[in-house]
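Written below as structure tokens is the structure these notes are about.
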Amino acid sequence: MKYLNADAAIDIKVKQGKPALVPPADKTEKGTYFLSNLDQNIAVTVRTIYCFKSEEKGNEKAEEVMMEALAKVLVHYYPLAGRLGISSEGKIVVNCTGEGAVFVKAEADCRMEAIVDATKPDPVALGKLVYDIPGATNILEMPPVVAQVTTFKCGGFVLGLCMNHCMFDGIGAMEFVNSWGETARGLPLSIPPFLDRSILKARIPSQIGFQHHEFAEIKDISGTSELYKEEMQYRSFCFDSKILEKLKTNAMKDGTLDKCCTTFEALSGFVWRARTHALKLKPNQLSKLLFAVDGRPKFNPPLPKGYFGNGIVLTNSICPAGELVKNPVSFAVGLVQKSIGLVTEGYMRSAIDYFETTKARPSLSSTLLITTWSRLSFHRTDFGWGEPIVTGPAALPEKEVILFLSDGKERKSVNVLLGLPTSAMTTFEELMKI
């Protein structure tokens with residue numbers, strides 16, 4: 001097991017130009033665009049970076065190419081050129097104004113080598129590569145898409161994106177960015193977006209057939225809110241294929257699991273248990289695990305190819321911290337397996353109806369939210385400079401979030417990115433030594 005830290009801060013200076021609006025290249029539909037209740041559940045901004053370098057091509061035309069292609073691809077993805085608003089029902093909607101995405105040109109004072117190791121999470125340094133709207137205090141004041149292209153002295157450039165999760169999940173975001181790349185290379189879209197989200201409207205009347213503990217507000221009796229006032233430490237832990245196999249073997253060896261566990265199940269159970277231990281939660285403190293399951297194939301018929309929206313649902317498991325810590329890792333892995341087993345079309349429709357009835361959003365109190373990008377092909381995005389040498393998050397969206405990223409040439413390793421208060425991180429590091 002190895003980990004990389006961000007204690008040695010990256011020193012980088014970035015000069016940002018004035019933001020410009022990039023509207024769609026042609027006329028697009030106007031009016032109000034419907035967001036489903038699955039979109040309402042995850043209304044947070046996600047910041048990512050894509051690092052490109054081509055010795056032959058350089059970066060002189062990068063900004064021009066990216067802006068022109070963005071204008072063209074927004075014709076297909078026209079809601080991204082609008083602005084978020086609130087409907088009379090209190091839901092987030094998109095006002096399709098055609099204003100455009102925000103685009104910023106920037107220059108860095110260094111070579112890209114200074115920042116390309118995105119396995120070292122440094123939200124301060126990497127945050128300079130993503131543009132934040134000055135004075136924006138909530139998601140309604142942030143356009144759905146904000147892009148910054150930062151050129152480096154070595155001839156490389158970085159695309160930094162700030163996008164709202166309510167517009168799409170990881171699969172949808174990947175398809176948008178890859179479509180943007182195809183447009184830049186003069187190619188037709190291999191996966192045109194399917195824009196009609198009304199196929200995920202709530203039922204009338206609502207039919208809530210499951211308990212949805214993902215929305216449960218758990219009381220913090222362990223004082224973790226005070227703990228999080230400490231300085232935050234960010235780490236990336238790399239699990240190669242051998243370590244991942246060992247995790248699965250360890251989870252199976254006591255014979256308590258009914259079926260073989262996947263890599264995701266073994267790693268999620270291991271990390272949930274270790275984080276609970278590191279935070280020193282009281283034995284009777286409830287700990288909640290949330291993670292997304294792709295629901296596209298769960299529906300009958302499955303959601304259409306290119307579905308432009310959130311096709312994921314958050315499933316959950318809640319357990320007293322004492323039980324998680326005292327039991328072997330197989331116990332936590334078993335809870336993860338049961339959570340995955342919950343997700344059927346009936347469960348997803350029930351979650352949609354639950355929000356329609358309650359307007360509640362998933363609570364992150366005493367919660368770990370695992371989000372996995374290890375199956376997403378962001379690393380294949382090509383704007384004409386070849387595939388990115390590095391992709392990853394510029395920052396984690398919330399302190400409760402842990403991110404799984406694929407790593408290595410064959411994408412068989414997994415980097416686990418997280419932030420913890422200093423004292424908790426010290427313990428967590430020890431627990432990662434397998």
Side-chain angles (χ1 to χ4, degrees), residues 32-44 46 76-77 79-80 87 89 91-94 163-179 189-215 259 262 264-265 268 289-317 336-362 369-378 404:
T32 301
Y33 180 72
F34 169 81
L35 298 181
S36 81
N37 288 349
L38 296 184
D39 301 316
Q40 309 289 328
N41 281 342
I42 319 177
V44 297
V46 179
H76 303 278
Y77 286 88
L80 295 179
S87 71
E89 298 176 320
K91 292 185 180 182
I92 303 170
V93 295
V94 182
M163 302 193 294
N164 198 301
H165 209 314
C166 71
M167 299 306 297
F168 29 43
D169 55 20
I171 292 175
M174 175 191 69
E175 290 174 350
F176 163 67
V177 176
N178 287 345
S179 293
L189 304 192
S190 57
I191 306 179
F194 181 89
L195 297 174
D196 182 10
R197 304 190 189 198
S198 65
I199 58 176
L200 292 184
K201 275 190 173 180
R203 295 170 290 192
I204 302 176
S206 294
Q207 302 171 45
I208 303 171
F210 296 81
Q211 291 182 314
H212 290 282
H213 295 302
E214 64 268 31
F215 299 94
K259 61 177 182 178
T262 65
F264 173 80
E265 292 164 353
S268 296
L289 175 67
L290 288 179
F291 56 90
V293 173
D294 179 21
R296 285 169 169 76
K298 304 288 185 180
F299 289 96
N300 186 19
L303 294 185
K305 187 177 182 181
Y307 178 75
F308 172 49
N310 283 278
I312 58 174
V313 68
L314 291 175
T315 187
N316 71 94
S317 185
V336 174
Q337 288 183 331
K338 290 177 183 177
S339 300
I340 294 173
L342 283 174
V343 181
T344 61
E345 178 174 11
Y347 181 87
M348 296 189 73
R349 293 286 183 187
S350 177
I352 291 169
D353 292 354
Y354 186 94
F355 180 87
E356 190 72 15
T357 302
T358 65
K359 300 296 186 293
R361 288 183 170 83
L369 173 56
I370 294 177
T371 181
T372 178
W373 293 1
S374 55
R375 296 180 181 177
L376 302 176
S377 56
F378 287 110
F404 292 176

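Quick caveat, the model's predicted, so the values are computed rather than measured. Along the sequence shown, the residues carry numbers beginning at 1.
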*Residue that, paired with Ile312, satisfies side chain to side chain contact (heavy atoms under 4.5 Å, CB included) out of Asn310, Leu314, Thr315*: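 Of the listed residues Asn310, Leu314, Thr315, the side chain to side chain contact (heavy atoms under 4.5 Å, CB included) partner of Ile312 is Asn310.
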So, do [X] and [Y] sit near enough that their side-chain heavy atoms are less than 4.5 Å apart?
X	Y	value
Met348	Thr344	no
Glu214	Leu342	no
Leu290	Pro362	yes
Asn41	Phe215	yes
Leu35	Val94	yes
Phe168	Met163	yes
Ile340	Phe291	yes
Gln40	Glu356	no

Gap separating the [atom1] atom of [X] from the [atom2] atom of [Y], nearest 0.5 angstrom:
X	Y	atom1	atom2	value
Ser190	Lys305	OG	NZ	7.0 Å
Ile208	Thr357	CD1	OG1	4.0 Å
Asn37	Lys201	CG	NZ	11.0 Å
Arg349	Gln207	CZ	CD	10.0 Å
Asp353	Phe210	CG	CZ	11.5 Å

_So does Glu265 get a backbone contact from the side chain of Gln337, meaning a donor-acceptor N/O pair under 3.5 Å?_
no
*asked:* Is it the case that atom CD in Gln211 sees more than 12 heavy atoms from other parts of the structure closer than 6.0 Å?
replied: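 No, the 6.0 Å shell around CD holds no more than 12 heavy atoms from other groups.
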_Lys359, NZ: over 12 other non-hydrogen atoms inside 6.0 angstrom_ =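 Atom NZ in Lys359 is packed in, count exceeds 12.
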Determine the minimum heavy-atom distance between [X] and [Y], stating which atoms define it.
X	Y	result
Pro79	Leu195	CD-CD2, 4.4 Å
Gly209	Ser350	N-OG, 3.0 Å
Asp196	Ile199	O-CG1, 3.7 Å
Asp294	Gly311	OD1-O, 3.6 Å
Asn316	His213	OD1-CB, 3.2 Å
Ser339	Ser317	OG-CB, 3.2 Å

*Can you name the one residue among Tyr77, Phe194, Phe176 that meets ring-ring contact (aromatic ring centres under 6.0 Å, His included) with Phe308?*
Tyr77
*Judged by modelled atom types alone, do Ser36 and Asp39 share a side-chain donor-acceptor pair under 3.5 Å?*
yes
*Starting from the C-alpha separation in whole Å, work towards a yes-or-no answer on side chain to side chain contact (heavy atoms under 4.5 Å, CB included) for Phe355 and Lys91.*
CA-CA 10 Å; Phe355 180 87; Lys91 292 185 180 182; 4.2 Å; yes
